[in-house]
Each structure stands twice: as structure tokens, then as C-alpha cells.
J.: 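I am attaching a structure below and will ask some questions about it afterwards.
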Protein chains: 2
Amino acid sequence: MSRPQPQKRPTVHDIAAAAGMSRGTVSRVLNGGYVSTEARAAIEAAMSDLGYVPNNAARALKMRRSQAVAFVAHEPHSLFLDDPNIGSIMLGANAALSLADHQMVSLVVESARDTERVARYLSGGFVDGAIVVSARTKDPIIRVISDLALPAAFIGHPPDLDQNIPFVGIDNVGSARAITEHLLSTGRRRIGMIAAALDRDSGIDRLAGFRAALGSVFDEDLVADVPHYDYGSGVKGMRDLLEREPAIDGVFAASDAIAAGALETLREAGRSVPGDVGVVGFDDSTWAVRCQPQLTTVHQPAKELGSCAAQVVLRQLRGEHLDPVGQLLSTPLILRDSA
Amino acid sequence: MSRPQPQKRPTVHDIAAAAGMSRGTVSRVLNGGYVSTEARAAIEAAMSDLGYVPNNAARALKMRRSQAVAFVAHEPHSLFLDDPNIGSIMLGANAALSLADHQMVSLVVESARDTERVARYLSGGFVDGAIVVSARTKDPIIRVISDLALPAAFIGHPPDLDQNIPFVGIDNVGSARAITEHLLSTGRRRIGMIAAALDRDSGIDRLAGFRAALGSVFDEDLVADVPHYDYGSGVKGMRDLLEREPAIDGVFAASDAIAAGALETLREAGRSVPGDVGVVGFDDSTWAVRCQPQLTTVHQPAKELGSCAAQVVLRQLRGEHLDPVGQLLSTPLILRDSA
DNA sequence: TACGGATGTGTGAACGTGCACACAGTAGGA
DNA sequence: TCCTACTGTGTGCACGTTCACACATCCGTA
């Protein structure tokens with residue numbers, strides 16, 4: 001089968017001609033307005049006959065509206081795969097946008113090259129707004145969105161985020177503090193933390209909450225710093241911690257995946273959990289119930305974060321005023337067996 | 001900050017006026033052509049001055065080219081979260097498209113409503129082609145793409161896929177057969193399978209390969225049928241199998257996640273692996289090395305699948321002829337500890 | 001009889017871009 | 001001198017849509 005032209009598709013003109021009407025009437029059938037029942041029937045028949053589909057590019061050009069919202073997944077390789085939240089957040093956002101008849105298009109940013117292309121894409125009129133997840137400090141995408149005045153919502157917010165850009169997130173400081181306090185309440189004395197992603201608000205805030213809970217007992221030496229929220233980082237971080245303080249009896253892992261890695265290391269080292277060491281995670285992801293023992297952790301409402309962010313963007317699109325620029329969702333503690 | 005209009009953005013006209021040139025010359029600066037060095041300098045200065053970004057919608061309308069390719073992730077909720085392949089496939093595709101200066105936009109299909117909207121989006125001129133992953137039998141998306149003659153590539157192919165639509169995949173039948181034969185070679189006699197996703201080519205083919213390897217020894221009763229490739233399905237499937245045949249000594253799980261679930265159930269049931277029961281998986285995902293014992297499995301070249309599919313679409317876009325419509329990537333057996 | 005409103009339909013102009021074409025000037029070769 | 005080729009620039013049109021406007025008809029009422 002040869003494919004010389006990309007197949008001439010019918011336009012409003014063709015439909016109008018086939019139905020014996022004018023373009024205006026076809027447009028009215030599509031967008032609402034006064035149309036007689038016969039005219040509507042004829043046009044609808046012609047449309048399904050010729051297989052008409054409106055051309056979004058033309059519509060977007062004329063209307064300055066594409067009915068699409070970008071979901072910018074600004075994640076390095078390993079994170080994207082090992083972070084279960086990102087998937088849930090996407091699905092939550094997709095569902096909310098879908099309900100409002102908007103298309104979610106997700107853009108993956110891996111390299112500097114990607115950043116530039118995504119920036120071009122965002123400003124090219126293909127999307128009406130953007131949801132940005134886990135942007136980093138000094139992320140160029142932030143500037144682009146700010147310059148463009150593109151309706152946007154950030155999920156989590158880097159410390160240098162422009163005050164006017166709305167965000168939704170969770171109270172990382174408070175949640176980290178609460179779960180650390182739980183660890184204290186079970187009688188643990190030498191509590192360490194495997195802190196990750198300290199170039200992001202979430203990582204920084206979880207560490208801050210941990211520090212706050214421990215107060216004067218806080219010991220810099222008991223913080224292992226790992227780059228990512230993944231399993232491998234957990235294994236490594238726990239080895240570090242055991243080496244520095246063999247008498248450690250409590251661990252706050254910055255994510256469930258990290259906690260899972262930590263459990264594995266503790267098992268190899270012959271420590272029992274929660275007998276010798278209490279371990280808590282963060283996320284309440286599938287990791288939490290898959291571990292042995294199951295993890296005590298902080299529930300992160302990933303799906304709600306996604307749909308909330310979508311709502312924020314949609315509200316801006318409708319021209320509504322946003323009262324509080326930021327919004328924090330609550331994060332219940334989930335008590336299971338690991339601490 | 002009030003936001004009455006979506007902020008008037010500069011157009012070629014504005015740039016032309018600012019630089020004292022005509023629109024045509026601006027266009028030539030952007031797209032190549034004869035332009036004097038002074039003119040180019042003046043125009044480039046004006047562009048960076050006014051912060052000009054070409055309007056993709058207008059360009060797409062005129063050129064019938066958007067420089068974007070859709071990645072249709074046709075996955076139900078649980079699958080999307082638990083299938084590690086989809087992420088790797090996406091990253092592979094993204095990298096390849098990025099290199100060719102194309103934007104990947106990924107569309108999530110969850111519901112029938114989504115299907116319809118995605119179909120509209122695909123035919124709306126926002127994308128030049130599509131990569132479709134794990135479409136199901138009778139998927140309406142297939143018809144849409146076929147009707148539109150949209151350059152596309154399927155990853156895996158449903159049995160009812162139009163002969164002309166290119167696909168890339170792996171030899172599920174051969175790989176399943178090979179790993180089952182490995183199980184046989186270790187002396188297992190009562191081998192069961194936890195089969196999943198039997199509404200998809202991958203699920204069907206893996207079962208077929210299993211059956212082929214066993215030949216006359218194949219026993220219908222030793223196949224547990226579960227809906228998804230996830231951990232929970234593995235737990236359930238293994239319970240089924242143990243109940244039906246307590247003397248079972250080998251299990252082929254249709255995915256690593258399923259194998260992980262099966263391991264958990266076996267552990268609970270007091271069976272040792274690989275002592276009492278040999279277990280093999282499929283995918284060589286992060287699950288495989290995270291299990292105890294680590295899984296013997298089939299390596300699935302997820303990233304290559306993604307980049308291959310992208311290449312196929314790009315080649316169609318360039319008007320090249322595709323010799324073999326289908327393409328199968330090789331899948332080495334990875335021998336670890338579980339069988 | 002005339003008028004205002006509701007209902008229904010057609011037409012022209014724009015959205016921002018790229019391309020074909022026209023035009024102008026210079027240079028080289030027959 | 002004329003023709004052609006090359007470089008550089010401006011202008012009109014089209015892509016497919018929507019929207020504002022003009023027009024046409026019919027009804028009820030002043």
C-alpha cells in the first residue's frame with residue numbers, strides 16, 4: 001500500500017457541501033447554536049458518512065484553546081521507574097481532566113535537550129496549561145511557565161518557586177515529624193534517617209521534619225544521604241548507617257522503596273525488625289504491603305494530588321480566582337508491623 | 001495579579017515590524033533560505049527581545065506536521081502501576097524521538113471515555129504518528145489508526161491487528177517455551193503456570209509457549225488464570241495452584257511481579273525455592289533481583305522496544321518503505337537462583 | 001400596518017504560519 | 001547587448017476553523 005499523501009481528510013467545507021449547507025451551520029452543529037432539526041440530521045449524516053473529525057490544530061489556532069493540559073514528568077530515569085507515586089498522580093490527573101473533557105498529554109523530561117523541547121512545546125499553543133511534578137530547584141521549566149503566564153500547578157514546590165504559581169502538596173515536614181515521633185513513642189533511642197533527594201523540596205522537608213521531632217537528640221551522624229528514592233539507595237543507606245552506629249534501633253526511610261532496601265540490609269546483617277530495629281517508610285505505596293514485615297508508613301494521597309492539581313489548572317482556565325495559592329493535603333499515619 | 005487575556009504573544013508580524021523586515025524574511029530566518037547577515041542579526045535580536053516562540057498550532061495547521069508522536073499507554077490502573085516495562089518502554093521511545101527532534105506526548109487510556117477522546121486527539125492533527133502499547137483485542141484505537149492511515153507502531157500485536165500496521169515485539173511463544181524447557185531440564189515433573197492477561201497477545205503467547213514446551217505432559221489443571229501481571233495476582237494464582245496440585249514442583253509465572261507474589265505464597269506455605277519448587281518469571285524487571293531468591297527469568301528489552309517502535313514511526317514519517325512489517329527482538333534467558 | 005423578538009442560515013474575516021511567486025539588483029558568459 | 005544564474009527581499013494565498021455580522025423568515029402584539 002503506497003501512501004503518497006497523508007490521506008486528505010474531510011473538512012467543514014466538505015461536510016457542508018455534502019449536506020447542502022454552509023460551513024457556518026456545520027460549525028453550529030458542532031459548537032451549539034440555532035440549527036433546525038432537518039439541517040442537523042443532514043449534517044450529522046454527512047459527518048459520519050465522510051468520517052469527519054475536527055482538526056484540532058485549526059481549532060486551537062482560532063480559539064487559542066487546545067483542550068489539552070500538559071503533565072510534565074520531570075524525572076530522571078531510575079526515579080521514574082521506581083517511584084510508584086508518579087503513576088498514581090498521573091492517573092488521578094488524567095481522570096480529573098478527562099471528566100472536564102480535557103486531554104492530558106504527558107511529557108517526559110530526561111535531559112537538557114528534553115527541557116528545551118518541552119519548553120518549546122509548552123509555549124507552542126498545544127496546551128492550555130501544565131501540571132509539573134517534582135521540579136527541581138532552578139528548573140528552567142519554572143521560568144518558562146512563569147514567563148508565559150501559563151496556567152499551571154506544581155505538585156510539591158521547590159523553594160525558589162515564584163510566589164504566584166499555585167501548587168498542591170503534602171506537609172512533608174509535619175508528616176516526617178509525626179512518623180518520627182511515632183518511632184520515639186515505641187521507645188527507640190538511637191534513630192537514624194536515610195534521607196534522599198535533597199535537591200528537592202520533598203527530600204529537604206522530610207529531613208527537616210525528622211530533625212524537628214528529635215530536637216536536641218538529633219545527631220547529624222545518623223543521617224545517611226542518598227540520591228534517589230529507590231530500593232538500591234535504601235540498601236546502600238542502611239549499610240552506611242549500620243557502619244556508623246551499630247547500636248541503631250530506629251530508622252526513618254524517606255520512602256517505602258528505601259525502607260524496603262533497608263529491611264533487606266538489616267535482614268542480611270541479622271537484625272530483626274521490629275525487634276532490634278524499628279523501621280518506618282513514606283508513601284504507603286505497594287512496597288509497604290509487599291515487605292516483610294509490612295511497613296508502618298505515611299500515606300501519600302497520590303491520586304488526590306493529581307486530581308487536585310488538575311482542578312487547580314482547570315479553575316485557572318475558567319478564569320476563577322484561586323484563594324490560597326498553595327494547598328496541602330493531609331497524610332494519615334498507617335501503622336503496620338515494621339515499627 | 002489579574003490575568004484577563006492569556007497574554008498576547010508576539011507573532012512573526014511583530015518580529016518583522018520590530019526588525020524593519022517583512023514576515024517572509026522572518027520565516028526564512030526560522031526555516032532556512034537566503035538572508036543577509038544584517039537582516040538575520042536584526043531579526044534574531046528582535047526575537048530574543050520580544051521573547052518570540054513560534055506558534056505550533058499554526059505551524060501544524062499549515063505544514064500538516066506537528067513534530068509530535070503520541071505514545072498511547074493503553075493500560076488499566078493496576079497494570080500501569082505494577083508493570084515496570086511500560087516506564088522503560090516510554091523512556092526508550094522518548095530518547096529516540098528526542099534525538100530526531102520530535103516531541104513524545106503520552107496519552108493514558110483508562111476508560112471508554114478516554115478511548116474516544118484519545119481517538120479524537122489522534123485524528124486532530126496534534127500528532128504525526130503513534131506508538132501504541134499493549135492494545136487489546138478489538139481495541140477501537142486500532143480502527144481509528146487504521147482508518148486515519150496514521151503512521152504507527154504497535155508494541156506487541158493483538159491477533160486481530162491489521163496486517164499492514166507495523167509492530168515490534170518479542171517472541172513470547174519462543175521465550176516462554178525456552179524458559180519452561182529450562183524448568184524441565186532441572187528435573188521438575190509437575191510444572192504449573194500462572195497465566196495472565198489472556199485478552200492480550202503477550203498473555204496468550206506465553207501460555208502457548210508453555211504448552212508447547214510441555215507437549216503431552218501438559219495438564220490444563222495446572223494453569224491458573226489471573227487477570228493482571230501484578231503481584232496480587234501472583235499471590236492468588238499460586239494459592240490456586242497449590243490447592244489443585246499440592247505436589248507441584250515447578251511454576252512458570254507470566255511476569256516477574258507474579259513470580260514475586262508466588263514466592264510469597266510459597267514461603268507462607270512452607271515450601272522452599274528452589275528446593276521444593278522451581279519458579280521462573282518473565283520480564284527481568286527490578287522485581288527479579290529484589291526477590292528472595294532472585295528470579296531466573298526472561299530478559300525483556302523494554303527500552304529497545306520503545307526506541308525500536310519510535311524508529312519505525314519516524315521511518316514512516318520520512319516516507320521510507322518498511323520491509324518487514326513486524327519485528328521481533330531477542331530475549332535472553334537470565335539464570336539466577338529461583339530455578 | 002408595523003414592529004420587536006426568536007429562530008434559522010449564509011458570508012467574510014481572522015487566527016499565525018510557510019510557501020510559491022514576483023521582483024530587484026549584481027555578476028558572468030555568449 | 002541580451003540572457004541566465006544567483007542572492008536577497010516583499011506579497012498573496014492557503015491551511016481549517018470559529019465568530020461576528022448580515023440576512024431571512026415567522027410569530028405575536030401594539
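The sequence lines fix the lettering, A, B, ..., with proteins before strands; numbering per chain opens at 1.
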J.: Is the shortest heavy-atom distance from the side chain of Ile15(B) to the side chain of Leu50(B) under 4.5 Å?
T.: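 Yes. Closest side-chain heavy atoms under 4.5 Å.
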
J.: Ignoring hydrogens and angles, are the base of dG16(C) and the side chain of Arg9(B) linked by a donor-acceptor pair under 3.5 Å?
T.: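 Absent.
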
J.: For dG10(C), does OP1 or OP2 lie under 4.0 Å from any side-chain N or O of Thr25(A)?
T.: yes

J.: Hey, are the side chains of Phe71(B) and Val133(B) touching, using non-hydrogen atoms and a 4.5 Å cut-off?
T.: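 Side chain of Phe71(B) against side chain of Val133(B), heavy atoms only: contact under 4.5 Å found.
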
J.: Let me know the distance between CE of Met63(A) and P of dA20(D), rounded to the nearest Å.
T.: 11 Å

J.: Less than 4.5 Å apart, side chain to side chain, heavy atoms only: is that true for Thr37(A) and Arg40(A)?
T.: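 Of all side-chain heavy-atom pairs linking Arg40(A) with Thr37(A), none is under 4.5 Å.
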
J.: Please tell me if Ser27(A) has a side-chain N or O lying less than 4.0 Å from either OP1 or OP2 of dT18(D).
T.: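 Yes, Ser27(A) has a side-chain N/O under 4.0 Å of OP1/OP2 on dT18(D).
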
J.: Just call it for Ala57(A): base, sugar-phosphate, or nothing, with non-hydrogen atoms closer than 4.0 Å on any strand.
T.: nothing

J.: Which nucleotide in the list dT17(D), dT9(D), dT7(D) gets nearest to the side chain of His13(A)?
T.: dT17(D)

J.: Rounded to the Å, how far apart are Asp14(A) CG and dC15(D) P?
T.: 10 Å

J.: Which whole-number value in Å describes the distance from Asn56(A) CG to dT18(D) C1'?
T.: 14 Å

J.: Taking the side chain as every heavy atom from C-beta outward, state whether Gln103(B) and Leu107(A) have any atom pair closer than 4.5 Å.
T.: yes

J.: Quick check for you: among dT17(D), dT11(C), dC13(D), whose closest atom lies nearest to any side-chain atom of Arg23(B)?
T.: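 Nearest to the side chain of Arg23(B) among the choices is dC13(D).
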
J.: Can you find a donor-acceptor N/O pair under 3.5 angstrom joining the side chain of Arg28(B) to the base of dG10(D)?
T.: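 Yes, a donor-acceptor pair under 3.5 Å.
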
J.: Could you state the CG-C1' distance from Leu61(A) to dT18(D), rounded to the nearest angstrom?
T.: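 Leu61(A) atom CG is separated from dT18(D) atom C1' by 10 Å.
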
J.: Whole angstroms only, please: what is the CE-C1' distance between Met21(B) and dG8(D)?
T.: 10 Å

J.: Return yes if the base of dG8(C) and the side-chain atoms of Arg40(A) contain a donor-acceptor N/O pair under 3.5 Å, otherwise no.
T.: no

J.: Using a 4.5 Å cut-off on heavy atoms from C-beta on, say whether the side chain of Ile155(A) contacts that of Ile131(A).
T.: yes

J.: Starting at atom NZ of Lys62(B), determine the distance to atom P of dT17(C), rounded to an integer number of angstrom.
T.: 13 Å

J.: Would you kindly give the CG-to-P distance between Asn31(B) and dA20(C), to the nearest whole Å?
T.: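 One finds 12 Å between P of dA20(C) and CG of Asn31(B), rounded.
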
J.: Whole angstrom is fine here: how far is it from CZ in Arg64(A) over to C1' in dG16(D)?
T.: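 One finds 16 Å between C1' of dG16(D) and CZ of Arg64(A), rounded.
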
J.: Checking all strands, does Ala60(A) fall into the base, sugar-phosphate, or nothing category for heavy-atom contacts under 4.0 angstrom?
T.: nothing

